[in-house]
Amino acid sequence: MQKNQTLIIPAFLWILGIIIASHTVLPILFLLIVIPILLLFSFIKKIRFISFCFAVIFLGILRYDIQLEIPQNNIKVILEKNPTIIQPIKGRIISEVKSKDGNFNFILELHQIRKSKVIGKIKFYTRTDSLNYGDIISVIATINKLPGSTNPASFDYKEFLEAKRIFGSGWSISPVKKIGNKTEIFQNTVIIIRKYLRCRIENRFGEYAGFVKAIVIAEKDEIDDERNIMCKAGLSHLLAVSGLHVGLLSLIILSVLNIFIPKRNISRIITMCLLLIYAAICLWAPSVTRAAIMIILFLLVKIIQRKPIANNILFASLLIITAINPNQLFSVGLQMSYLAVFILLNVLPRFQFIKVKKEELELLGRGKHILNGILILICTSFILNIFLAPLTAYNFHQFGFNGIAGNLLGIPLIGMILPLSLIIIFLPEFFIPLFQNSFRLLMLIFEKWTHISADFPLHFDFIFISIIHLFLLYFILFALVLAIKSTSKQRKWIFIAVIFLSGIFISLGKQSSNKLIITFFDCGLGDLALIQTPQNETIFIDTGPPEKTVNSFLRSALPYLQKNGIKSIDHVLITHAHNDHYGGVFSVFENVEVKNLITTDEFQNRKIWDSITGIVETERCSVLTILDTTHINFDKINFKIIHPDRSYKDNNINNLSIVVRLDYGELSVLFTGDLEHEGEEYLLDNYPEFLDCDVLKVGHHGSKTASSPDFIKAVDPQYAIISTAKKNRFNFPHQITLEKYEFLEQNLMITGYDGACQIVSDGNSAKITTFVSQKNIIDSDLK
Amino acid sequence: MNILQTFTGLFFPKLCLNCNELLLENEKFICSNCSRSLVFLEDICHICGAPKTGGKCKVCETNEFLFDKARSVFMFNKVVQNLIHEFKYNEITRIAKFFGRLSQEYIKKYQPFEHIDYIVPVPLHRVKKRSRGFNQSEYLTHEISRRMNWKHLPKLIIRKKFTKTQTKLNRQQRKINVSLAFKINPKHNIKGKTILLVDDVFTTGSTVNSITAALKEKQVNKVYVFTIGRAL
């Protein structure tokens, strides 16, 4: 580390402070006393450095703790006391009003609930139109606590909003009345520009509007499909408005301004202001803010005529961003963005020896600049890809190196597409057709290229690494980088350290848990359960409702599979032909490999089977048809299918549900699908000896048509799980059913209320946890 | 005040303009280590200011210099080169103050010019000036005229031809490049005056020579040339 990078140590200490604060709470009063004392100490020469260091750490802790202090009349505190409030409220709209499916949504800054003063922001939804930024409104509304994610590992909307300090969501239940208007000039300008840009983009770019919105104003709502492909192609960084974009933009602004303004400093100050506005237009997305602040600082250095030190500027911007909102430090976007730039500034220069020799370049003549450029681009994206891979693997359970090739054409293409889209946005209508064709051509090439690079075989998903793995990987990587420019003696030690660390890394590798894990996901109204056997075999019992529903397979189970590195499913069992049970099967086939599909013969006579059978053939999955009771053995696990048997006949599809009994040591679980009274009776008459068990997946989502008293008596469960959504058109679970299971008390779990429910067992004991209500039931003796 | 300075020093540290090391409190512009290479150019040809090579000056022999005297403060070594680079291309224009101080010291010490009526910068073409944002020679003449109390005429000479940048040309090409590129502003009456021409670096002398030719046409008394660096 060079001496002139004065900010590195303070920045690291500050970050350390914030991280410490996020794990422990220190009283603010204590900090307020300690920090001035430490700062005073730093005037004494001998202990200057150490006391300064501690002062910075404590400052970091203080900054984080201050934002945790929330006054008593904040909506967060109020919602903690009563999760649902239905009251007349007053507040001011502080964001753009967006419309979606006939509803309007915006961020509301609360002023009053009934008569008492309240502060804090909520996300608000209404059907009243003609609302605008700055309006002060009065309305009767329901305010709810933010819904957290109800399944393990899935996207948490609550966390997402809370990072923006939004603590509730509201719905208007009366027409909204405007009672005033108060706008701030800056925010207002930003919203007007954003609206204007969005409008222009939609008018002028047609089918590519979504893409252009993403790269110009960081609005990524409309490009979910593209994002997936770009991600596979290793080009998703091009979709984020990042350093490349902001740098290009400020270069354009500066050179245009320099033509008209002779004084450089004036054009620099104007550029700085415009960059701030631009960052605000992009809603302060981390990568934009980072890039904008870095360029602003760079221009500031130029104005005060000091020499710019890249690392200092990087860390200064990090300090500024985390001082404004310390929570940003934990956002993945920010981490990726800073890591990438840090690598560019510090690791890449160490690799200079890769450059081609001068004499060799001379031979190439004119092509040398191109060749040199290509080599630098390859090296850069190779190193960046390697260094970012652990972080993406940890956060997104995937990583890839397709970008190394993808960037070769991707970056130059974006470098042309971005200025071209700016031209098309800002030029008068008359000139537009001139550029539209070239834009379309570039986009065609770009799309083609992303598809090509997405097909390269260097993308890996369903990767699981723990936080220890993550840190080990970074230690190893940075040690290797250190080895490049060190003496041979140092190098020896570094290699020993690397081998040692790699040893730890490998020994920490995934071992089979030797436990049975059953997860009942909260998939809304439907059934979706995953069984992981001690030998790491996987079985799905039903696949949840179709893709479009809120908590379908894609949003509930898939994140869990990705996080746990489950790429292939050994058996997918579909109990019966209702789409809240088979609806997710298409998504399952699309995202993971399925080895066997288990259904009844009755299901295979349905119309829907035609569309499934096609996929089954292309995916080379074998189909097991259940014609009669049978059993499948998974080592120590006994998997009995006790219904429907060959002689059972019924017109009610629910009663043709496959019923599974699973035994592992002392633990037994009964999955009853949607079995109703008739089916239950048939089981009681024919297979009573298989009914008694510990855990019951209650039939038919807790409907009154299932769970007859005799059946419950015969099963005699210790635990029961009802798989249903909170609110649904059938009003599941029915009150009468709940009463029947009342004897279980805490041991009755409803996925819609308790969230996903997981049973972990070694055959003798079991632990049952729920994801939302945080139940944690330990049954140490199943006998 | 001190605390504020430490704080800005943390964000934007004061660095040596040559070697990027942190500057100590008593150092300005460059560190004491680098300032060791800044020694006044001595033992020179009293006409063209080039370092003496024994006997007759070979530089004067091979060139037909039209000016009466040329002086440079330093040899154009690595440090001076870096400083001038920072000055011209990274827009650290406060270096002009540093050079101004050193020029004053040099002129006071050696007294090379008996009398100066006007001090004049070597001009940039207006397109070039716009693209760079400033004329580095003008900053220098401004500083020197302020310190020496000489009259400053920044707009006396006008560059009418847009010439290619000199740095990549050889001696012959430079000569052709700059010949007839300059015009004297008729507003000023310079007949019989002594003029000091200031530039950042003296390389082959073709630029100042060409300006001298234009000046001598207007019957000036004497033309002196003063530069910071002397490349040879």
Side-chain angles (χ1 to χ4, degrees), chain A residues 1-14 36 39-40 42-43 45 48-49 52-53 55-56 59 254-268 293-294 296-320 323, chain B residues 1-25 27-31 33-34 79 82-100 124-136 138-139 143 154-155:
Chain A
M1 191 180 69
Q2 279 163 311
K3 257 191 185 166
N4 56 20
Q5 297 171 355
T6 40
L7 262 188
I8 286 194
I9 291 173
F12 272 111
L13 293 172
W14 167 267
L39 284 176
L40 275 181
S42 62
F43 282 103
K45 261 200 175 147
R48 170 175 285 174
F49 184 70
F52 176 74
C53 288
V56 175
L59 274 173
L254 258 182
S255 30
V256 171
L257 284 178
N258 278 342
I259 297 172
F260 299 104
I261 300 167
K263 288 261 182 204
R264 285 301 160 84
N265 284 350
I266 294 175
S267 51
R268 285 193 188 118
I293 290 182
M294 277 184 73
I296 286 171
L297 286 172
F298 180 78
L299 293 174
L300 202 64
V301 177
K302 282 272 168 193
I303 288 174
I304 64 168
Q305 300 207 349
R306 297 253 170 103
K307 275 194 164 183
I309 298 285
N311 263 330
N312 250 5
I313 290 178
L314 177 73
F315 283 106
S317 67
L318 180 62
L319 279 177
I320 292 171
Chain B
M1 198 57 212
N2 203 359
I3 293 172
L4 191 75
Q5 269 180 7
T6 352
F7 196 70
T8 48
L10 214 56
F11 274 72
F12 309 120
K14 284 185 179 170
L15 303 177
C16 170
L17 292 169
N18 180 51
C19 66
N20 283 348
E21 278 298 311
L22 272 182
L23 285 184
L24 300 176
E25 268 171 45
E27 292 167 341
K28 258 188 163 181
F29 299 107
I30 64 170
C31 65
N33 202 11
C34 293
V79 178
N82 282 342
L83 286 178
I84 288 178
H85 185 91
E86 292 291 334
F87 182 21
K88 278 164 83 172
Y89 301 110
N90 290 342
E91 295 177 51
I92 306 189
T93 50
R94 65 198 168 91
I95 295 181
K97 289 205 169 103
F98 180 61
F99 282 147
L124 286 180
H125 191 265
R126 60 187 173 81
V127 174
K128 184 80 165 283
K129 190 174 171 184
R130 180 51 75 83
S131 85
R132 185 176 293 167
F134 61 94
N135 176 1
Q136 72 280 7
E138 204 177 314
Y139 272 93
E143 275 301 313
K155 296 201 170 95

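Computation of the quantities below employed the complete heavy-atom set of this structure, encompassing side-chain atoms and omitting hydrogens, waters and symmetry-equivalent molecules. First the proteins, then the strands, lettered A, B, ... as listed; each starts at 1. As the structure is a prediction and not an experimental result, all values here were calculated from the model.
Only the side chain of B/Leu15 has a heavy atom closer than 4.5 Å to any heavy atom of chain A. Contact annotation for B/Leu23: neither backbone nor side-chain heavy atoms come within less than 4.5 Å of a heavy atom of chain A. With a 4.5 angstrom heavy-atom cutoff, A/Ile309 touches chain B only via side-chain atoms. With a 4.5 angstrom heavy-atom cutoff, A/Ile313 does not touch chain B via any of its atoms.
Other residues, nucleotides and ligands contribute only 12 or fewer heavy atoms inside 6.0 Å of the CZ atom of A/Phe298. Within 6.0 Å of atom CZ in B/Arg130, more than 12 heavy atoms from other residues, nucleotides or ligands are found, so the atom counts as buried in its surroundings.
In this structure, A/Lys302 contributes its side chain and B/Asn90 its backbone to a donor-acceptor pair below 3.5 Å.
Residues A/Val301 and A/Asn312 have side chains not in contact (no heavy-atom distance under 4.5 Å, counting atoms from C-beta outward).
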